[in-house]
There are 2 protein chains.
Amino acid sequence: MLGLSIGEVARRTGLAASTLRFYEKAGLLPSPTRVSRQRRYDAAILGRIKLVQIARSAGFTVEETRKFISGFPADTMPRVRWQALAGRKRQELDALIDSAQKMKTLLASKFDCRCRQLEDCERAFANKGC
Amino acid sequence: MLGLSIGEVARRTGLAASTLRFYEKAGLLPSPTRVSRQRRYDAAILGRIKLVQIARSAGFTVEETRKFISGFPADTMPRVRWQALAGRKRQELDALIDSAQKMKTLLASKFDCRCRQLEDCERAFANKGC
DNA sequence: CTACGTGTTAAAGTTCACTTCAAGTCAACG
DNA sequence: CGTTGACTTGAAGTGAACTTTAACACGTAG
């Protein structure tokens with residue numbers, strides 16, 4: 001078999017075929033070769049898609065993901081501009097991780113610690129505690 | 001001063017006044033007392049809003065945030081249902097933190113490690129390495 | 001009194017990230 | 001040959017989370 005159909009790639013990645021077409025149009029995925037108009041993907045596409053999925057689930061927008069992917073050395077974005085972007089994004093990721101960890105604590109503590117009332121939680125946050 | 005105006009709360013929280021009204025309608029914030037139709041907030045609202053902001057920035061939807069807030073002991077949601085919800089959400093947060101950390105590594109390594117080409121990155125992910 | 005600034009509402013508009021739809025192509029099966 | 005199933009396209013639709021708009025209500029400064 002020379003190439004995976006869009007349905008096969010969809011099955012293997014868990015993304016809908018419509019999403020793969022959408023990502024292709026958005027510049028996140030390369031346009032694959034065709035056999036009578038139909039897309040035929042090389043198995044290597046799965047690595048790229050995994051990358052896209054991780055970026056998306058980390059809160060990158062489609063456009064940010066595109067810049068991340070297209071900013072690789074072989075591509076067009078200048079090093080400096082990329083690094084500015086990456087620096088900003090790293091800070092956002094730190095903030096995200098911080099919020100996620102706080103929420104985990106809150107979910108865990110809600111029923112077995114000080115925060116028995118919503119008001120305790122609010123006060124704790126107002127005082128930067130908890 | 002007996003109560004903050006919506007503009008003042010907006011200024012202090014960084015949220016738009018329209019967002020505060022939107023959150024109120026969505027059940028994330030209590031409807032405050034009024035002085036000739038205008039909202040007057042107790043300073044305690046700031047704790048609640050902080051809580052909402054953290055939940056939102058951790059990827060909770062507005063509806064999830066509402067459930068989180070309204071699920072507190074004093075309120076209506078049964079313990080068991082809450083705990084199922086919290087458990088599922090904790091797993092999502094773990095996955096989110098994992099993705100965020102992976103992206104941080106990728107952003108850092110892109111220009112100074114093995115992944116000099118997009119293809120290296122894709123291969124690394126395909127092989128679960130990197 | 002008028003104008004200004006801040007507030008009010010319901011309803012409509014916007015952006016993002018997809019999904020669904022309508023109408024068609026194509027290879028294979030019976 | 002017809003039909004089935006997977007694919008194609010561009011365009012329109014969807015849901016979430018806000019924002020903007022239009023029209024109106026106040027208190028106050030000049």
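Quick caveat, the model's predicted, so the values are computed rather than measured. Atom set for the values below is all heavy atoms of this structure, side chains included, hydrogens, waters and symmetry mates excluded. To find a chain, count down the sequence lines: A is the first, B the second, and so on, and within it residues start at 1.
- Nearest to the side-chain atoms of A:Arg21 among the listed nucleotides C:dA10, D:dT9, C:dT20 stands D:dT9.
- Nucleic acid contact for A:Ala26: none, since no nucleic acid atom lies under 4.0 Å from a heavy atom of the residue.
- Residue B:Tyr23 places at least one side-chain N or O under 4.0 Å from the OP1 or OP2 atom of D:dC18.
- Spacing between atom CD of A:Gln53 and atom P of C:dC18 amounts to 10 Å, rounded to whole angstrom units.
- Protein atom CG of B:Leu20 is 16 Å distant from nucleotide atom P of C:dT6, rounded to whole Å.
- Between the CG atom of A:Leu4 and the C1' atom of D:dC7 there is a distance of 15 Å, rounded to whole Å.
- The pair A:Lys67-A:Glu64 does not count as a salt bridge, with every side-chain nitrogen at least 4.0 angstrom from each carboxylate oxygen.
- A side-chain donor-acceptor contact under 3.5 Å links B:Arg56 to the backbone of B:Phe60.
- Nucleic acid contact class of B:Thr19 (heavy atoms, under 4.0 Å, all strands): sugar-phosphate only.
- Among A:Phe22, A:Tyr23, A:Phe68, the one residue that satisfies the side-chain contact (heavy atoms from CB on, under 4.5 Å) test with A:Leu28 is A:Tyr23.
- Residue A:Ser18 has its side chain nearest to C:dT19 when only D:dC7, C:dT19, D:dC18 are considered.
- DNA chain C is contacted by A:Ser36 of residues 29-41 of chain A, taking any non-hydrogen atom closer than 4.0 Å.
- The side chain of A:Thr61 has C:dA17 as its nearest neighbour among D:dA17, C:dA17, C:dC18.
- Between A:Leu15 atom CG and C:dT19 atom C1' there is a gap of 13 Å when expressed in whole angstrom units.
- Here C:dA17 is the nucleotide among C:dT19, C:dA17, D:dG10 with the atom lying nearest to any side-chain atom of A:Val62.
- Following rounding to the nearest Å, B:Arg56 (CZ) and D:dC18 (C1') show an atom-to-atom distance of 10 Å.
- Taking the charged nitrogens against the carboxylate oxygens, A:Arg66 and A:Glu63 do have a contact shorter than 4.0 Å, which makes a salt bridge.
- At whole-Å resolution of the value, CD in A:Glu24 and C1' in C:dA17 are 17 Å apart.
- The side chain to side chain contact (heavy atoms under 4.5 Å, CB included) check on B:Gln101 picks up A:Ile97, B:Ile97, with sequence neighbours excluded.
- For the pair A:Lys25 and D:dG10, the criterion of a side-chain N or O lying under 4.0 Å from OP1 or OP2 is met.
- The residues B:Arg90 and B:Asp94 are annotated as not salt-bridged, no charged nitrogen and carboxylate oxygen being separated by less than 4.0 angstrom.
- The nearest whole Å value for the distance from the CZ atom in B:Arg11 to the P atom in C:dT6 is 12 Å.
- Using a cutoff of 4.0 Å between basic side-chain nitrogens and carboxylate oxygens, B:Lys89 and B:Glu92 are scored as salt-bridged.
- No engagement by B:Ala17 is indicated, since no non-hydrogen atom pair under 4.0 Å with the nucleic acid exists.
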